[in-house]
Chemist: 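Following this message is one structure expressed as structure tokens.
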Amino acid sequence: MARKFGETEMAPRTAAYFEKLSQGKFDLDWFENTKTEWGVRVQPTKRGVLLNDINVGSYGEVPEHSLPGTGMAPRGAELDADLPSLGYRLNNKYEVWSVNAASLYEEAKTRQWNATTDIPWHELRQLPEDLERAMCQVCTLLTEVEFIAADLPAKWMHQIHQNYHEVKCFLASQVIDEARHLEVFRKRALVNGGGLMRATKEAEDALQAIIEAPTYSMASSFMHVLGEGMVLSLFRAGELIGKTDVDKRIFRMCMQDEARHVSYGTMHLKYYLENHPNPRAAREEVNHILSKGEGMMLAMFGVPEFLEPLMILAGGGIEGMKDAKPAVGGIWQKMVHEYFGRCDRAGVSERRQLCRLPAQLPM
Amino acid sequence: MNDAKTAGSGGALSAEWFESLRDATTRHAEEFRDLGFVDTRFAIRATDAAAGAPAATGLVFDTFECERVVALQTAQDLERFDPDFVLEAPDAVWREMLENVRRNGKADLAHTINTLVLSGATRLSSNDQLREDLFYRYNGSLQLFFDLAAEVPSPAAA
């Protein structure tokens, strides 16, 4: 019940404390009686002080299960009674954890770049129309897919219990990475006179399936491991198909970021499968979403709006498309091959048998 | 396994030459720092090395810099070094890349390490896809490292 101190209505505890203060007294219970690991120290290294460095003593104990009714109280703090529940739904470590989340977050912070100032835009030269159109079509698709890669972590981040702050931090870094990617590809499409090209239904259907995946781990498997894994292979090939220093630099910078996201997703999937209380159900769930995802990725990439711009760029122009078919076929093979490698690492080697992606395109 | 100072090998990919390259990078510490953490260990290998030549050269990157160069004398040394990935090509390919860097001040569009791998001139291998992916994650830092070959006397001309 609210009480009054002077003319102001306030909570009983506040009113009592103000009364005490007005009598010249202090409380200091927080100072004398809080349970803390007083004396815990961390020695900075040449890297500074990393999140992992401060995982000392009880502060480093990441609970397997977390109570939802602990507000946003940081891991290791003494908790007042009756903290509110903020509605976090991902309260189990296996649902979100990845052993490399903290180190990837630290790496992400040091490897940030700026799509406005770190790309030598002024050096971008005029390209023949066919090459420019092809590049703009590629950039249109990449702008689309970068939206999902920002929205998906953002959708789940606020549902993750604060005890897993390393994961929340990493996902926050991914959101800013992906914002920068959609920015850089949109800029590339517009800066050289081409503009945005066609957004396909197949791509949008795939993005819808990712955002609507029923659990975080299913969404992460689909997006981080399958989707971003294939886009990572594409970024890497971008250095081969890019026609200017500017384009190659864009692909290289994005490639570095994307590899962190794929690494998190792969190691999360591994942790999920190894620590889920019902491993068989978890594996079925993951295989279900990956089968669905593979079909949708095939639909998304198996369209003229994706393959033909690559052939034009790889072939040096529309006249060279035919000759470029082996190169684009090779990019596809690499995408699938590397996806299998990541599935192996995550512990779902059965994708090699179950996969709906063809090893080769009908080139 | 020997550190570079006792390796006693020659050629484009010798540990001694990489040690010179590593020394050059210390003059560019700020540029590496700007590119961020780089934590990987990998090996460079000439597929047609002469008999008796070291099997490969190992490079260890830690935090912001190339911390160590290691001459890997035998295939067993290479295995024990446990690289995240191995980059291998005929000696002529490495020499052409280094000559290109020296001529242009940095690798041109056809001679970046990633492009060489994509074109098939150089082979990237690993037994773990996530460790192979470190080649992608740190590619900018690794390319800067190789671009600094422009400041080191070319092994071809030595």
Side-chain angles (χ1 to χ4, degrees), chain A residues 45-48 50 100 103-113 118 225 229 232-233 235-249 251-267 270 314 327 330-331 334 337-346, chain B residues 26 29-40 42 61-67 84-85 87 97 100 104-147:
Chain A
T45 68
K46 63 180 176 180
R47 291 171 194 250
L50 305 173
N100 57 2
S103 58
L104 289 170
Y105 169 63
E106 298 285 3
E107 184 181 306
K109 286 183 295 170
T110 66
R111 297 190 76 87
Q112 291 297 295
W113 52 281
D118 289 335
V225 182
L232 170 59
S233 305
F235 283 164
R236 195 179 153 222
E239 201 163 345
L240 190 64
I241 61 173
K243 293 300 159 205
T244 68
D245 258 335
V246 172
D247 294 341
K248 285 172 188 279
R249 183 165 173 80
F251 284 122
R252 185 191 298 165
M253 300 303 275
C254 292
M255 171 177 80
Q256 298 185 135
D257 299 338
E258 207 78 353
R260 289 193 298 274
H261 313 155
V262 173
S263 184
Y264 163 78
T266 305
M267 296 310 283
K270 179 177 166 65
I331 293 170
K334 194 78 180 156
H337 173 79
E338 293 184 343
Y339 168 58
F340 286 154
R342 294 179 192 114
C343 286
D344 290 345
R345 191 70 170 81
Chain B
T26 59
E30 270 310 303
E31 287 170 64
F32 280 97
R33 196 176 179 86
D34 286 346
L35 292 176
F37 288 167
V38 47
D39 296 295
T40 183
F42 62 98
F61 281 75
D62 182 83
T63 311
F64 297 115
E65 62 191 352
C66 179
E67 192 177 63
D84 293 322
F85 55 86
L87 288 167
M97 180 192 83
N100 180 270
N104 300 307
K106 63 175 188 176
D108 70 10
L109 299 184
H111 290 85
T112 63
I113 45 174
N114 187 31
T115 304
L116 289 173
V117 172
L118 287 164
S119 69
T122 300
R123 181 166 176 262
L124 168 69
S125 63
S126 175
N127 54 14
D128 179 332
Q129 186 60 49
L130 277 197
R131 294 181 76 185
E132 182 177 314
D133 285 351
L134 296 176
F135 176 72
Y136 308 154
R137 252 165 72 186
Y138 302 129
N139 197 265
S141 303
L142 302 182
Q143 188 59 54
L144 173 61
F145 181 74
F146 283 103
D147 282 349

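Letters A, B, ... are given to chains in the order of the sequence lines, protein chains preceding strands, and every chain is numbered from 1. Nothing here was measured: the structure is a model prediction, and the numbers come from that model.
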Chemist: Could you check whether any side-chain heavy atom of B/Asp62 comes within less than 4.5 Å of a side-chain heavy atom of A/Arg47, counting everything from C-beta outward?
Modeler: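 Answer yes - side chains close enough.
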Chemist: Can you tell me which portion of B/Asn127 sits under 4.5 Å from chain A's heavy atoms? Options are side chain, backbone, both or neither.
Modeler: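 Nothing of B/Asn127, per the 4.5 Å heavy-atom cut-off to chain A.
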Chemist: One thing to verify: whether B/Asp128 and A/Arg342 come together as a salt bridge, which I'm taking to mean a side-chain N less than 4.0 angstrom from a carboxylate O.
Modeler: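 Between B/Asp128 and A/Arg342 there is no salt bridge, as every charged N stays at least 4.0 Å from the carboxylate O atoms.
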Chemist: Please look at A/Glu106 and chain B and tell me whether the side chain, the backbone, both or neither of the residue comes under 4.5 angstrom of a heavy atom of that chain.
Modeler: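 The answer is both parts of A/Glu106.
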Chemist: Looking at A/Glu107 and B/Arg137, is any side-chain nitrogen of the basic one under 4.0 Å from a carboxylate oxygen of the acidic one?
Modeler: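 Yes, charged N to carboxylate O under 4.0 Å.
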Chemist: Go through the atoms of A/Lys334 and report whether side chain, backbone, both or neither lie under 4.5 Å from a heavy atom of chain B.
Modeler: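 The side chain, not the backbone.
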Chemist: Heavy-atom cut-off 4.5 Å, strictly under: side chain, backbone, both or neither for A/Ile331 against chain B?
Modeler: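 Looking at A/Ile331, nothing touches chain B.
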Chemist: Say whether A/Thr110 and B/Arg33, considering side chains only, have a donor N or O and an acceptor N or O under 3.5 Å apart.
Modeler: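 No, no side-chain donor-acceptor contact under 3.5 Å.
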Chemist: Report the C-alpha separation of A/Lys248 and B/Asp108 in whole Å, then their side-chain angles, then the decisive distance to 0.1 Å, and conclude whether the salt bridge (Lys or Arg N to Asp or Glu O under 4.0 Å) test is met.
Modeler: CA-CA 11 Å; A/Lys248 285 172 188 279; B/Asp108 70 10; over 6 Å; no
Chemist: Which bit of A/Thr45 is near chain B, if near means a heavy-atom gap under 4.5 Å: side chain, backbone, both or neither?
Modeler: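 Answer is neither: A/Thr45 stays 4.5 Å or more from chain B.
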Chemist: By a 4.5 Å heavy-atom criterion (distance strictly below it), what part of B/Ser141 contacts chain A: side chain, backbone, both, or neither?
Modeler: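 For B/Ser141, heavy atoms of backbone and side chain both lie under 4.5 Å from chain A.
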Chemist: What I want to find out is whether B/Asp133 reaches A/Arg345 closely enough, with some N-O distance under 4.0 Å, to be called a salt bridge.
Modeler: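 Answer for the salt bridge query: no.
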Chemist: Side chains of B/Asn139 and A/Gln256: any donor to acceptor distance under 3.5 Å?
Modeler: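 No, no side-chain donor-acceptor pair sits under 3.5 Å.
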Chemist: Please look at A/Ile241 and chain B and tell me whether the side chain, the backbone, both or neither of the residue comes under 4.5 angstrom of a heavy atom of that chain.
Modeler: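 When you check distances to chain B, no heavy atom of A/Ile241 falls under 4.5 Å.
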Chemist: Distance check, rounded to the nearest 0.5 Å: A/Asp245 atom CG versus B/Leu109 atom CG?
Modeler: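 Rounded to the nearest 0.5 Å, the CG-CG separation comes out at 4.5 Å.
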Chemist: Heavy atoms, side chains only, cut-off 4.5 Å: are A/Arg260 and B/Tyr136 in contact?
Modeler: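 They are not in side-chain contact.
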Chemist: So is A/Arg111 actually on top of B/Phe37's ring, under 6.0 Å and inside 45° of the axis?
Modeler: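 Output no; distance or angle outside limits.
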Chemist: Taking atom OG of A/Ser263 and atom CZ of B/Arg131, what is their separation to the nearest 0.5 Å?
Modeler: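 CZ of B/Arg131 is found 12.0 Å from OG of A/Ser263.
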Chemist: Between B/Asn114 and A/Arg236, is there a side-chain donor-acceptor contact under 3.5 Å, judged purely by atom types and distance?
Modeler: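 A pair is found: one side chain offers a donor N or O, the other an acceptor, under 3.5 Å apart.
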Chemist: Sort A/Thr266 into side chain, backbone, both or neither according to what part of it lies under 4.5 angstrom from a heavy atom of chain B.
Modeler: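 Answer is side chain: those atoms of A/Thr266 sit under 4.5 Å from chain B.
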Chemist: Select, from A/Gln112, A/His337, A/Met255, the one with the greatest count of heavy-atom pairs under 4.5 Å involving chain B.
Modeler: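 Heavy-atom pairs under 4.5 Å are most numerous for A/Met255.
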Chemist: Is atom NZ of B/Lys106 surrounded by more than 12 heavy atoms (other residues, nucleotides or ligands) closer than 6.0 Å?
Modeler: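 At most 12 heavy atoms, drawn from other residues, nucleotides or ligands, come within 6.0 Å of this atom.
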